[in-house]
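Note that these values count all heavy atoms, side chains included, but never hydrogens, waters or copies made by symmetry.
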Amino acid sequence: MAILEVNNLRKGFGATDVLQGVSFSLEQGQVLAIIGSSGSGKTTLLRCLNFLETPDAGEIKVNGKVLTGDHLSDQQIRENRLHFGLVFQNFNLFPQYTVLENITLAPSLMKLGSPGEITERALKLLDQVGLSMKKDAYPYQLSGGQQQRVAIARALAMNPQVLCFDEPTSALDPELTGEVLRVIRGLKDKENTMIVVTHEMDFARSVADVVIYMADGVIEEMGTPEEVFDHPRSEKTRSFIRGAQQTF
């Protein structure tokens, strides 16, 4: 059974239909890369999955449980968000807290273990992203790449079933992009289920099990990296990939 099923998801803002019936599914441990031009609906899709936006129609299921529905309470929305972790473009770390405090804050508020257990897991995650020595530092003392790696550890600390990345390297200088991509690549070996919105075509090709190309609020093409990048069926996909190869 798929860990995540998205069926006919729709979302509009005013007269603009941003998502126009998006459907896909993911198995445990799969990595989905979503590519597409700005305005194609990629970020809105992630925000709907993380219940930062409310879909107008459609269904989101995790492990067979339907999470969407009319008139969800605030408590239900908070519970639904626990299924997903989201790593933002711009890190969004709390500047007044140390690295360790940034990672332990949400698990402590949600009581996801004893204080000792939460701290122990946070330290293990910091080691996993290569930042054990920075546990007492504040965000302003870190590079952009280090801040993004802390943000990844913070998302993992909530034990999400699906980890989502929204253009995780777009705010980074080129020399810092590699360190973040290496961390994400390493997570694939940990059986994490991930959705990565990215403009890094080489990364998507080498890490993803499934690639989705979105255009104008719909899935224009979906398949393996080889199918989408090497043998695209859609002219829109072919045009986008040609342009991306010339740019990157």
Side-chain angles (χ1 to χ4, degrees), residues 31 33-35 38 42-43 46-47 49-50 52 81-204 206-208 248:
V31 179
I34 303 179
I35 60 175
S38 178
K42 308 184 301 295
T43 292
L46 285 193
R47 290 179 65 84
L49 291 178
N50 284 271
L52 298 174
R81 283 179 183 151
L82 292 177
H83 295 285
F84 299 89
L86 179 58
V87 178
F88 297 90
Q89 295 180 25
N90 294 308
F91 328 135
N92 289 9
L93 299 180
F94 297 111
Q96 70 273 34
Y97 295 131
T98 66
V99 163
L100 185 60
E101 289 167 341
N102 263 279
I103 297 171
T104 59
L105 178 62
S108 297
L109 291 173
M110 298 301 298
K111 296 181 170 57
L112 299 183
S114 68
E117 290 169 338
I118 291 170
T119 298
E120 181 180 4
R121 173 160 172 74
L123 291 172
K124 287 181 179 178
L125 289 170
L126 275 176
D127 182 60
Q128 186 176 333
V129 301
L131 288 174
S132 297
M133 76 298 293
K134 298 291 186 180
K135 66 183 179 66
D136 296 319
Y138 287 86
Y140 78 90
Q141 297 172 308
L142 306 177
S143 70
Q146 289 171 333
Q147 289 188 60
Q148 191 62 295
R149 285 189 278 158
V150 173
I152 293 170
R154 181 177 63 178
L156 288 168
M158 295 298 290
N159 296 312
Q161 288 160 295
V162 181
L163 185 58
C164 303
F165 298 85
D166 185 12
E167 296 278 12
T169 61
S170 65
L172 299 177
D173 294 332
E175 63 268 23
L176 299 178
T177 294
E179 67 183 62
V180 172
L181 294 182
R182 281 192 295 274
V183 169
I184 299 173
R185 193 186 303 273
L187 295 177
K188 182 179 173 70
D189 298 331
K190 306 292 185 182
E191 293 299 311
N192 293 290
T193 305
M194 296 187 285
I195 300 174
V196 186
V197 170
T198 184
H199 62 267
E200 302 284 349
M201 297 298 111
D202 289 342
F203 175 76
S206 63
V207 171
F248 300 107

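One finds the NE2 atom of His83 at 12.5 Å from the CG atom of Asn159 (value rounded to the nearest 0.5 Å). Here Thr193 contributes atom OG1 and Phe84 contributes atom CZ; the two are 10.5 Å apart, rounded to the nearest 0.5 Å. For the atom pair His199 NE2 and Ser38 OG, the distance stands at 12.0 Å (nearest 0.5 Å). Atom CZ of Arg154 and atom CD of Gln147 lie 10.0 Å apart (nearest 0.5 Å). Separation of atoms CD1 (Ile195) and CG (Asp166) is listed at 11.5 Å; rounding is to 0.5 Å. A distance of 4.5 Å separates CG in Leu86 from CG in Asn50, rounded to the nearest 0.5 Å.
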In residues 180-187, what donor-acceptor pairs under 3.5 Å come from side-chain atoms, sequence neighbours left out?
residue: Arg185; atom: NH1; partner: Ser206; partner atom: OG; Å: 2.9

Could you pull out every donor-acceptor pair under 3.5 Å between side chains of residues 110-120 and any protein atom, sequence neighbours left out?
residue: Ser114; atom: OG; partner: Glu117; partner atom: N; Å: 3.2
residue: Ser114; atom: OG; partner: Glu117; partner atom: OE1; Å: 3.4
residue: Glu117; atom: OE1; partner: Ser114; partner atom: N; Å: 2.9
residue: Thr119; atom: OG1; partner: Pro115; partner atom: O; Å: 3.0

Please list every donor-acceptor pair under 3.5 Å in which a side-chain atom of residues 138-146 meets a protein atom from a residue at least two apart or in another chain.
residue: Gln141; atom: OE1; partner: Tyr138; partner atom: N; Å: 2.8
residue: Ser143; atom: OG; partner: Gln146; partner atom: N; Å: 3.1
residue: Gln146; atom: OE1; partner: Ser143; partner atom: N; Å: 2.9

Item to check | Criterion side chain to side chain contact (heavy atoms under 4.5 Å, CB included) on Glu179 and Gln148, from CA distance to verdict | outcome: CA-CA 10 Å; Glu179 67 183 62; Gln148 191 62 295; over 6 Å; no
Item to check | Val129/Val150 under side chain to side chain contact (heavy atoms under 4.5 Å, CB included): CA gap, chis, key distance, verdict | outcome: CA-CA 8 Å; Val129 301; Val150 173; 6.0 Å; no
Next on the checklist: Applying side chain to side chain contact (heavy atoms under 4.5 Å, CB included) to Phe203 and Val196, what does each step give before you reach the verdict?
Outcome noted: CA-CA 10 Å; Phe203 175 76; Val196 186; 4.1 Å; yes
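You'll find the side chain of Arg81 reaches within 4.5 Å of the side chain of Leu52, heavy atoms only. Ile103 places none of its side-chain heavy atoms less than 4.5 Å from the side chain of Tyr97.
When every heavy atom of Ala106 is checked against every heavy atom of Met158, the shortest pair comes out as CB-SD, 3.6 Å. When every heavy atom of Leu46 is checked against every heavy atom of Phe165, the shortest pair comes out as CD1-O, 3.4 Å. Here the shortest heavy-atom pairing between Gly85 and Pro160 reads N-CB, 3.3 Å. Between Asp136 and Thr98, the shortest heavy-atom contact is O-CG2, 3.8 Å. Minimum interatomic distance between Gln89 and Ala171 (heavy atoms only, all atoms of both residues): O-CB, 3.6 Å. Between Val87 and Ala155, the shortest heavy-atom distance links the atoms CG2-CB, 3.9 Å.
In this structure, Asn102 contributes its side chain and Phe94 its backbone to a donor-acceptor pair below 3.5 Å. Checked by atom type and distance alone, the side chain of Lys135 never pairs as donor or acceptor with a backbone atom of Leu126 at under 3.5 Å.
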